[in-house]
Amino acid sequence: MEISDNIIKWAHQALKELYKVEDTELKLVVNETRKDFDGDYTLVVFPLTKYSKSSPQQTAEDLGAYIVERSEIFSAYNVVKGFLNLSLSDASWSQILAHLRTAGLEINLADADETVMVEFSSPNTNKPLHLGHVRNILLGWSTTKIFEACGYNVVKTQIANDRGIAICKSMLAWKLFADGATPASTGTKGDHFVGEYYVLFERKLREEYTTWQSTDAAQSLLEQSTDSSDPESFFKSYKNKYFNEYSELGAKAKSYLQRWEAGDEEVVALWKQLNSWVYSGFDETYDSLGVDFDKIYYESNTYLRGKEFVKTGLDNGIFYQKEDQSVWVDLEDAGLDQKIVLRSDGTSVYITQDLGTAELRYQDYQAKRMIYVVANEQDYHFKVLFEIMKKLGAPYADGLYHLSYGMVELPSGRMKTREGTVVDADDLLLEMREQVVSNAVEKGGLEDLDQESMDQVYDQITLGALKFFMLKVAAKKNMVFDPAESVDLQGHTGPYVQNASVRISSILRKYGDKARADWSRHVPIDAGKELIKLMLSWQDVLHAACKSYDPSQVANFSYQLAKSFHKYYHDAPILRAEPEVQAFRLELITQVQKYLKYSFDLLGISIPERM
RNA sequence: GGCCGCGUAGCUUAACUGGAUAGAGCACUUGACUACGAAUCAAGAGGUUGCAGGUUCGAAUCCUGCCGUGGUCACCA
C-alpha cells in the first residue's frame with residue numbers, strides 16, 4: 001500500500017478520462033504535503049497543463065474532484081497554485097496502521113540469489129585504527145546491512161595491507177630497540193604495540209636525517225640544488241631521496257623488504273609475529289565496534305596476482321609494452337591518462353594487484369557487484385581500475401562501485417601523524433564511554449541493574465552516539481569530527497533516537513499484557529498522523545538508501561521518526577486515555593518502536609530497553 | 001597548472017534528485033517536571049543557499065564563468 005503510487009495511478013486514470021492522455025509513462029511527482037498547508041500528500045500538476053490546456057489551478061481542481069469522488073482513501077482536496085493537496089479520510093488512518101503491523105520492513109531489489117561483495121576497513125598492519133578507519137568501517141557495515149535488507153546475499157570482506165615498507169619499518173625498529181618486549185610483557189594492545197615501533201622508527205630516522213644534514217656531503221648537495229635556496233624546504237623535499245639513497249635505517253628497512261620478498265625465513269618469521277599481534281589488536285577493536293567479516297584477503301597473498309591479466313591485456317592489444325618492458329594502458333579515450341600496469345622489472349604495481357584481487361573474488365563468490373568502501377583520495381585510482389576492467393571485458397565490470405567518502409577532519413584541521421593529532425579508534429571509544437557513564441550516573445535510574453546489564457547499556461549508548469554521529473552525514477562529504485560535540489547526547493544524536501524507543505518500552509512495560517480494546521474507528525491526532533505517514537515512507541527510504549549507497553538516509557529517517565514520536569509522547573497521553581484511544585496509541589507506538597529498532601539495526605546500532 | 005569533489009544560519013548539517021514561505025541540531029534567550037522517564041517538549045532570534053550570468057511555469061539542485069577550499073596528478077600503496 002504505497003500512497004504515492006496510489007495517487008499516481010488515480011492521476012493517470014483521470015488524465016486519460018478527462019484529457020484523453022494515453023501516456024502511462026508520464027512521470028508524476030508526489031510529495032508529502034508541507035506542514036504549512038492542509039492535506040497529507042501533494043501532486044504537482046504544473047507539468048500537466050500542456051495536456052489539460054487549462055491553468056494549473058483548474059487542472060488541479062479537475063484532478064482533485066475526480067480523485068476524491070472515486071477514491072476511498074482520500075476525502076478532501078485543496079489547490080494552492082499548481083499544487084493539489086489531498087487529505088486522507090478519517091477511516092484510512094486505522095487501516096494504514098493495521099497494514100503497518102504486517103507490512104514487511106525489507107524490500108527486494110535483487111535478482112534471484114544475487115550476491116554483492118562489500119570491501120571495507122582494509123587497514124595497513126603497521127599501526128592501529130584511527131578515526132578515518134572508523135568512518136570507513138561504519139559506512140561499510142551499514143551498507144552491508146542495507147543491501148541485505150534489500151534482498152541481496154552480502155559478503156563482507158577486507159584486504160589486509162600486510163606487506164611493504166611500512167611493516168618493515170616496524171619490524172626493524174622492534175628488532176633494534178625492543179629488546180624482546182611483546183604486547184604481553186608490556187601489557188599493550190597488539191596493534192598499538194606495533195604502531196609504537198613504527199613511530200619509533202620514524203623518530204630515529206628523523207634524528208639520523210638531522211645529523212646527516214650537517215655533513216659535508218649534504219651541504220654540497222644543498223649548494224648544488226637550483227630549485228631551492230632555502231635549506232629547510234630543500235631538506236624537506238629531499239627526505240624521500242635521502243631515505244632511499246643515504247639513510248642507514250632506510251637501507252636496513254629496504255633490505256628487510258627484499259629479504260621478505262625472497263622468502264627469507266628469519267624475516268618472514270618476524271613479519272608473521274608482528275602481524276599476528278596487530279590482528280589480535282584489530283580483532284578487539286572490531287569486536288568493540290560490533291563488526292565482523294566473512295572473508296579476509298591478504299595483500300601478501302594477492303600482490304603478485306594480476307600478471308595474467310596483463311598478459312591477456314597484451315594479447316588483446318588493450319595494453320602495450322614500452323622498450324624498457326614496462327606495460328601500459330591508454331585510457332585517454334575515456335578521459336583518463338596513460339597508466340602503468342606492470343613495472344619494467346616485471347613486478348606488480350598497486351593497480352595490478354587490484355585487478356588480480358577482483359578476479360580472485362569473482363572466482364570465489366561469483367559476485368557481479370563489488371562495492372569498495374575507500375576514501376575519496378583514491379577516486380582517480382578507482383576510475384582507472386574500473387575502466388581497465390571494462391576494457392578487459394570482465395563480466396562483473398559494470399557492477400563495480402567505489403563508495404567514496406570524504407575525509408574526517410578535526411576542528412583544528414586534518415589529522416596529521418607528524419603532529420600527533422591522529423584520533424585513535426580505541427581511545428575515542430573509551431573517552432566517549434566515560435562521558436556516557438558520567439551522564440547516566442548523573443541522570444540516575446539504572447541503579448537496580450546488575451553491573452553486567454549496566455555495562456551493556458553503556459556500550460549500546462556509546463556505540464549509538466558514535467555511529468549515528470558518523471553515519472548521519474552523507475558519505476561523500478568531508479566531515480568535521482568534534483570530539484566534544486560527539487559525546488553530546490542531546491539533540492540530533494543516536495541517544496536521542498534510542499531514548500524514544502526506551503520511552504516506548506517503558507509504557508509498554510507498564511501497560512503489560514492486559515487485553516486491548518478495538519481501535520479500528522479511532523482517528524489519530526496530527527502528531528499521530530505524522531508518525532503513520534513516516535512509517536509508510538520507510539520502503540521508499542530503504543530503496544533510495546540502497547540505490548544511492550547512502551546510510552545517511554536511513555539515519556535521517558530514524559531521527560525524523562524519533563523526533564515525531566517525542567512530540568507525540570508529549571501531546572498524546574496513553575496510559576490515562578480512554579480504552580479505544582489507548583488501544584490505538586499503544587498499537588501506534590509499538591509500530592514506531594519496530595521501525596526505530598529496524599532502521600537503527602541497519603546502521604549497526606542496537607537499542608536498550610532502559611537507559 | 002590539468003583533472004575530480006565540496007561551498008547552505010556563528011558552528012554541525014537536511015532538503016524525497018527541478019517543486020510551495022530552504023528544514024533540523026548545537027550554542028544563545030524564554031517557558032514546561034508532586035510525570036506514560038526532562039538524554040524530553042514548546043516558543044524566540046538567527047539565511048541574498050560563495051559570486052555573476054543562463055536554461056523555464058519554477059533553481060540550493062541543471063549549464064557557463066569566476067572566487068574559496070580539499071583531494072589527486074609516482075615504475076608508492
Side-chain angles (χ1 to χ4, degrees), chain A residues 4 29-37 42 44 46-47 49 55-56 80-83 85 124 161 163-166 240 299 303 322 324-328 335-337 340-345 347-351 353-354 375-381 383 404 406-407 409 411 414 436 439-440 442-445 461 465 469 472-474 476-482 484-485 488-500 502-511 537 540-541 544 548 552-553 556 559-560 563 566-567 569-577 582 585-586 589 610-611:
Chain A
S4 44
V29 178
V30 173
N31 301 317
E32 281 186 37
T33 303
R34 295 180 65 101
K35 287 213 167 57
D36 331 298
F37 300 95
T42 298
V44 182
F46 288 105
T49 51
S55 70
V80 180
K81 291 194 274 182
F83 299 93
N85 301 320
N124 295 325
N161 298 301
R163 50 149 241 123
I165 192 69
N240 237 355
E299 189 191 358
Y303 82 108
K322 290 192 176 173
D324 64 0
Q325 301 301 302
S326 60
V327 180
W328 295 71
L336 305 168
D337 293 326
I340 188 163
V341 293
L342 203 65
R343 292 194 189 99
S344 51
D345 63 5
T347 58
S348 297
V349 291
Y350 181 44
I351 202 153
Q353 162 193 174
D354 272 357
N376 64 9
E377 58 193 347
Q378 295 200 38
D379 282 356
Y380 186 74
H381 170 75
K383 273 187 189 165
S404 167
M407 298 282 143
E409 291 172 8
R414 199 173 170 179
V436 165
N439 277 44
E442 187 188 334
K443 182 174 162 292
I461 299 173
F469 191 92
K472 72 180 179 183
V473 181
K476 77 168 175 178
K477 292 198 152 184
N478 284 2
M479 68 176 292
V480 175
F481 185 88
D482 185 341
E485 196 190 325
D488 193 341
L489 308 178
Q490 322 212 331
H492 194 180
T493 67
Y496 173 90
V497 179
Q498 288 172 320
N499 186 231
V502 165
R503 282 176 141 183
I504 293 171
S505 290
S506 174
I507 295 173
L508 295 177
R509 209 163 36 232
K510 285 216 163 112
Y511 185 82
S537 74
D540 288 341
V541 171
S548 54
S552 75
Q553 303 199 27
N556 282 333
Y559 175 72
Q560 270 306 328
K563 187 171 162 56
H566 279 305
K567 180 174 171 50
Y569 177 88
H570 187 264
D571 291 354
I574 295 171
L575 296 181
R576 279 178 279 129
Q582 180 180 67
R585 290 176 177 175
L586 285 168
I589 64 171
R610 298 171 52 180
M611 63 189 280

Closer than 4.0 Å, any side-chain N/O of [X] to the OP1 or OP2 of [N]?
X	N	value
Gln378(A)	A77(B)	no
Arg414(A)	G71(B)	yes
Arg503(A)	C41(B)	no
Arg34(A)	A22(B)	no
Lys81(A)	U21(B)	yes
Lys477(A)	G7(B)	yes
Tyr496(A)	C41(B)	yes
Lys35(A)	U21(B)	no

Write down the distance between [atom1] ([X]) and [atom2] ([N]), rounded to a whole number of angstrom.
X	N	atom1	atom2	answer
Arg610(A)	U40(B)	CZ	C1'	18 Å
Asp482(A)	U13(B)	CG	P	11 Å
Asn376(A)	G70(B)	CG	C1'	8 Å
Lys563(A)	A14(B)	NZ	C1'	13 Å
Arg509(A)	C36(B)	CZ	C1'	11 Å
Glu409(A)	C6(B)	CD	P	15 Å
Asn478(A)	C11(B)	CG	P	16 Å
Leu575(A)	A35(B)	CG	P	13 Å

What integer number of Å spans the [atom1] atoms of [N] and [M]?
N	M	atom1	answer
G50(B)	A15(B)	P	15 Å
A32(B)	C16(B)	P	39 Å
C76(B)	G19(B)	C1'	49 Å
A60(B)	U48(B)	P	13 Å
U64(B)	C28(B)	P	44 Å
A9(B)	A14(B)	P	13 Å
G23(B)	A45(B)	P	13 Å
U61(B)	G18(B)	C1'	7 Å

Report yes or no: is the ring centroid of Phe37(A) under 5.5 Å from the six-membered base ring centroid of A20(B), with the two planes under 30 degrees?
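Yes, aromatic ring over the base.
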
Measure from the ring centre of Phe46(A) to the centre of the six-membered ring in the base of G58(B), then say whether that distance is under 5.5 Å and the planes meet at under 30°.
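Taking the rule of under 5.5 Å and under 30°, the ring of Phe46(A) does not stack on G58(B).
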
If you look at every strand shown and take non-hydrogen atoms under 4.0 Å, does [X] touch a base, only sugar-phosphate, or nothing?
X	result
Thr42(A)	base
Ala465(A)	nothing
Pro47(A)	base
Met407(A)	nothing

Under 3.5 Å on both distances, the Watson-Crick or G-U partner of [N]:
N	value
G19(B)	C57(B)
A9(B)	none
U72(B)	G2(B)
A14(B)	none
A38(B)	none
G65(B)	C51(B)

Say whether, by atom type as modelled, one donor and one acceptor occur between the side chain of [X] and the main chain of [Y] under 3.5 angstrom.
X	Y	result
Arg34(A)	Thr42(A)	no
Asn478(A)	Met407(A)	yes
Gln325(A)	Ser344(A)	no
His566(A)	Tyr496(A)	yes
Arg343(A)	Ser348(A)	yes
Lys472(A)	Tyr559(A)	no

What about Asn31(A): does its side chain form a donor-acceptor pair under 3.5 Å with the base of A15(B)?
no

Quiz question: going by heavy-atom distance under 3.5 Å, is there a donor-acceptor pair between the base of A39(B) and the side chain of Thr493(A)?
no

Among Thr493(A), Val497(A), Asn499(A), which residue satisfies the side chain to side chain contact (heavy atoms under 4.5 Å, CB included) criterion with Pro495(A)?
Thr493(A)

What nucleotide, of [options], holds the atom closest to the side chain of [X]?
X	options	result
Ala474(A)	C41(B), A14(B), C36(B)	A14(B)
Lys476(A)	C6(B), U72(B), U13(B)	C6(B)
Tyr380(A)	C57(B), A22(B), U72(B)	U72(B)
Thr33(A)	A20(B), C36(B), U40(B)	A20(B)
Tyr569(A)	A39(B), C41(B), A38(B)	A38(B)
Gln553(A)	A77(B), U17(B), A39(B)	U17(B)
Asn556(A)	U12(B), C4(B), A14(B)	A14(B)
Arg576(A)	C4(B), U21(B), A35(B)	A35(B)
Ser506(A)	C57(B), C36(B), A20(B)	C36(B)
Asp488(A)	C26(B), G19(B), G71(B)	C26(B)

Pairwise 5' ranking along RNA chain B for Val29(A) and Gln353(A), keeping only the more 5' one:
Val29(A)

Tell me which of Leu342(A) and Ile461(A) sits closer to the 5' end of RNA chain B, going by the nucleotide each one is nearest to.
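Nearer the 5' end of the strand: Ile461(A).
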
Anti/syn call for U17(B), syn if |chi| within 90°
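With its glycosidic angle within 90° of zero, U17(B) counts as syn.
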
Side-chain touch Ile507(A)/Arg585(A), heavy atoms, less than 4.5 angstrom
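They are not in side-chain contact.
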
How long is the span from the CZ atom in Phe469(A) to the CG atom in Asp482(A), to the nearest 0.5 Å?
6.5 Å

Looking only at heavy atoms, the pair that brings Leu342(A) and Thr347(A) closest together is CD1-O, 3.4 Å

